[in-house]
Amino acid sequence: MPIVNRISALHEEVTAWRRDLHEHPELQFDVHRTAGIVADKLKEFGCDEVVTGIGRTGVVGLIKGARSGSGKVIGLRADMDALPLEEISGKPYASKTSGRMHACGHDGHTAMLLGAAKYLAETRNFDGTVAVIFQPAEEGGGGGREMVNDGMMDRFGIQEVYGMHNTPGLPVGAFAIRPGPLLAAADRIRIEVEGKGGHAAQPHNAIDTILVASQIVANVQSIVSRNVDPLDNAVVSICAFNAGFTDNVIPQTATLLGTVRTLTPEVRDRVEARLQAIVEGTAALFGATARLHYYRDYPITRNTPEYVGFAGDAAAAVVGDAAVERNTTPIMAGEDFSFMLEARPGAFIFIGQGDTPACHHPAYDFNDEILPIGMSYWAKLVESRLAT
Ligand code: NI
């Protein structure tokens, strides 16, 4: 496997960084220690510019190539935040903070991009500028959105962006990517149902909010099966049902929480419209009322087809063409990198993490074996997109 030699030599050092980050997980935008380490290291590597506080706690480092005639600027992005989870990995470098852990491998993503930055700042074997982007709050906080809204793309003149995520179950030394939608739009729904509270023994004098809300839960499940083209994809999941306090009172109100995942704007609009009609119509059928609050959260992570070729070729330069799946199946999870891909063309790629517990599982741990593979991918991508 043609791992860049200088990068192989960094493996031990980058592993130590990764494990230190793993021991000290931070949540959402409160990634002060992590962002501090990132900024200090980028300065130590000799980055031409290091800017902190973008999108609250994001960090961007600029590395200029030995030549800059091309005027091109490409962005490489890693995420820094952990999850509110109790770690059971049993590793010597397991989380030192109860109730928090790096269960999605963002410690590995950060370490890999730092390692690549060290290599790129040392070698500068490219024509143009690389912006290494470290974002907070990928796990539901919209840190990528905040960095884009903070003007990051224009401020640094970034013309194209790339992201990478580890994937348990995909073999070590493999990559997977696809043109178009790779991850789903992730929207949140909140349904407030109001019936008429009353005595449980006199249901005829009440409007049973629990029955109405239950019918809504059942009826919204017709959307995917009956309103979405069978060849399209969508998920509607109701994940919280809150109502009532005791066994002899029909409650006045109920609240449902859930998520909607879609891969095209058309299906997204369709599901929202059907939810609206079913929620209100079902409640009306029973003489109750219900309100749908639909929050469009993360957009579809849509890879620009031409740039998928660039990313796939860079991966193939590291692991060989046969180990790069270029038309992989999309997944219905959401990804904050979608905001960056809405602002600029680019591509998001999956890197094989081997046979490990799934992301967000309490026994998950990033596989340090893949650090040099990911770092080499970043190096090859820069040296091919900004070839001298
Ligand atoms: Ni993740």
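Atoms considered below: every heavy atom in the structure, side chains included; atoms not considered: hydrogens, waters and symmetry mates. In each ligand, atom 1 is the first atom listed, and ligand 1 is the first ligand listed.
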If you look only at distance, which donor and acceptor atoms sit under 3.5 Å apart when one is on a side chain in residues 141-148 and the other is two or more places apart or in another chain?
{"residue": "E146", "atom": "OE1", "partner": "R56", "partner atom": "NE", "Å": "3.4"}
{"residue": "E146", "atom": "OE2", "partner": "R56", "partner atom": "NH2", "Å": "3.2"}

- [ ] Give a yes or no answer on whether the side chain of H106 reaches the backbone of D79 with a donor-acceptor pair at less than 3.5 Å.
- [x]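 No, the answer is negative, given that no donor and acceptor are paired below the 3.5 Å cut-off.
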
- [ ] Measure from the side-chain N and O atoms of E280 to the backbone N and O of T289, and report whether any donor-acceptor pair falls under 3.5 Å.
- [x] no

- [ ] Drop me the distance from R18's CZ to D107's CG, to the nearest 0.5 angstrom.
- [x] 4.5 Å

TODO: Can you list, by chain and residue number, the protein N, O or S atoms under 2.8 Å from the Ni ion (ligand 1)?
DONE: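 Within the sphere that stays under 2.8 Å of the Ni ion (ligand 1), the protein atoms of type N, O or S are C104 SG, H106 NE2, H165 NE2.
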
Can you list, pair by pair, the side-chain donor-acceptor contacts under 3.5 Å of residues 226-235, counting residues two or more places apart and other chains?
{"residue": "N227", "atom": "OD1", "partner": "R274", "partner atom": "NE", "Å": "3.0"}
{"residue": "D229", "atom": "OD1", "partner": "L231", "partner atom": "N", "Å": "2.8"}

Open item on the list: I'd like to check the salt bridge (charged side-chain N to carboxylate O under 4.0 Å, His left out) partners of E194; sequence neighbours left out, ordered by chain and number.
Closed with: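 For E194 there are no salt bridge (charged side-chain N to carboxylate O under 4.0 Å, His left out) partners, ignoring immediate neighbours.
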
